[in-house]
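Data block below; observations after.
Just so we're clear, the structure is a prediction, and the values are computed from it rather than from any experiment. Letters go in sequence order (proteins before strands), and every chain restarts at 1.
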2 protein chains.
Amino acid sequence: MGNGLAPTLTPRKSPRQDRSIATVDAIFEATIQVLLSDGPTRLTTTRVAHRAGVSVGTLYQYFPNKQALLFAVLEQHLSTLAEAVENACRDNQGANIETIAAGVVKAYLAARMAQSEISPALYLVAMELDARALIEAATRRSEQAIEALLFGASDGRFNDPYVIAQTLTAVIFGTVPAFCMRVMPHAASVEAEKQLTLMFSGYLAASCKAA
Amino acid sequence: MGNGLAPTLTPRKSPRQDRSIATVDAIFEATIQVLLSDGPTRLTTTRVAHRAGVSVGTLYQYFPNKQALLFAVLEQHLSTLAEAVENACRDNQGANIETIAAGVVKAYLAARMAQSEISPALYLVAMELDARALIEAATRRSEQAIEALLFGASDGRFNDPYVIAQTLTAVIFGTVPAFCMRVMPHAASVEAEKQLTLMFSGYLAASCKAA
DNA sequence: ACCTGAACACCGTTCAAGT
DNA sequence: ACCTGAACACCGTTCAAGT
């Protein structure tokens, strides 16, 4: 019944005292630090514990295994991306197609650029089977926000807003990482934004029936 | 000077005798088998060696480390995808925009569906830093094929065919995996093809100057 | 209630010894 | 020329003992 894996990734115990709350925070921060300085392959539970100033045993009191550490960081990251899309959608209610396309693409790209150092490391974790639920959650938030946005577009009505929202979400969440894996020099980010906006506009224009 | 990592992933020695050629093939096949049956996390060098009917020592005579095993499989997979795009481009020389969009999307999707069982496992490997070169190579093949295709389009001339080819490649190589991570039921693949084709057509139409 | 760190199981990799 | 498998180093995880 249900997903038998989730419980293993849930924090093992909730901190009740100030000392342990500080401990959990320190471990979380240490995970990010080690991820950035040593990379995901050299990330070791002992190393994280040491960086956090505690022993391995303590780490395992709050996180059931190594993956749970990385999941916690990934969860925060994906949630930030979903939030960026949601905000952009809220800010563009009632706008026209071109503005919508530009707004959503720009917001997502900005959010990713803001945490561009950590993203590559996290996409390793994301591929592990059990990250699917997290990605699914972030994806759904984006889809729902875009769908609502399309309902209010000033330009026209769409046949199937949910399918369109699904496609646009898949394209930004999927394509941008692909762009990022390459050298991604200064100007490339600008070019990516321009091309994706053009693409979204064309797609939206083709998908809506008479205004 | 140059990429210091590549040599470590190169086969350690080239097989000279029939026996060793058979050994290398067996190890390669065993890697795929274990990947499919046990998943990337439970893939063990000992397990692969055992499945191939040799000892661990023998495995390490031809592959310098565990990653090299997975790289070999990933390389073959990416090469198949690039080839699919190249073929589709060759077959659509001189076609119009809509046919081009449909042809490229369809070819890539078909190639991925054909090896859909192994893809998820491989995208774990792909994220490891040193897979960048392989992805870059497959991406460039696709970009060049699409660029050449655009030059011959019957519909119109494009301002910057390379940028367009780059964008389309990023979108198919990036988005389709995103689609695949979700349940991807029977009909979803058809829908993905339809939506991506629509998107490509709109984008191409918007990017070309007067016919 | 929270922390410690030695101990255990397991995996990647090597190398002396075999045919 | 090719193969074997015990041995080593290292890492994830646990648990008896501490405060």
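Between the CD1 atom of A:I21 and the C1' atom of C:dC3 there is a distance of 16 Å, given to the nearest Å. Going from atom NE2 of B:H50 over to atom P of C:dC10 covers 16 Å, rounded to whole Å. B:L59 places its CG atom 14 Å from the C1' atom of D:dG5, with the value rounded to the nearest Å. In this structure, A:L69 places its CG atom 15 Å from P of D:dC11, rounding to the nearest Å. For the pair B:R42 CZ and D:dG12 P, the computed distance is 18 Å after rounding to whole Å. When rounded to the nearest whole Å, the span between CG of B:L43 and P of C:dC10 equals 17 Å. Per the geometry, CZ belonging to B:F63 stands 15 Å off P belonging to C:dG12, to the nearest Å.
For the atom pair CG (A:L70) and CD1 (A:I32), the distance works out to 10.5 Å, reported to the nearest 0.5 Å. Within the model, atoms CG of B:N92 and CG of B:L150 stand 11.0 Å from one another, a figure rounded to the nearest 0.5 Å. Interatomic distance, CZ of B:F63 versus OG1 of B:T45, reported as 12.5 Å (0.5 Å rounding). Note that the OG1 atom of B:T31 and the CG atom of B:L36 stand 11.0 Å from one another [nearest 0.5 Å]. The CD atom of B:Q195 lies 6.5 Å from the CD1 atom of A:I164; values are rounded to the nearest 0.5 Å. Taking CG of A:L59 as the start and OG1 of A:T23 as the end, the distance is 10.5 Å to the nearest 0.5 Å.
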**Report entry** Verdict with supporting geometry, A:E86 and A:R90, salt bridge (charged side-chain N to carboxylate O under 4.0 Å, His left out)
**Finding:** CA-CA 6 Å; A:E86 286 174 343; A:R90 197 182 343 90; over 6 Å; no

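Phosphate contact (OP1/OP2 of C:dC3, side-chain N/O of A:T23, threshold under 4.0 Å): present. Dashed line: the shortest gap from a side-chain N or O of A:S20 to OP1 or OP2 of C:dC2 is under 4.0 Å.
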Report summary line: Given Watson-Crick and G-U pairs under 3.5 Å, DNA chain C in dot-bracket ([ ] crossing, | other strand) is ||.|||||...|||||.||

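Annotation: A:K106, atom NZ; neighbour count of heavy atoms from other residues, nucleotides and ligands within 6.0 Å does not exceed 12.
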Query raised in the report: Going 5' to 3' along nucleotides 13-19 of chain C, which nucleotides have protein heavy atoms under 4.0 Å from the base (write B), which only from the sugar-phosphate (write S), and which from neither (write -)?
Result: BBB----

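Nearest nucleotide to the A:T44 side chain, out of C:dT4, D:dG12, D:dC2: D:dG12. Residue A:Q61 places its side chain closer to C:dC2 than to any other of C:dC2, C:dC11, D:dC2.
A donor-acceptor pair shorter than 3.5 Å cannot be found between the side chains of A:Q33 and A:E29.
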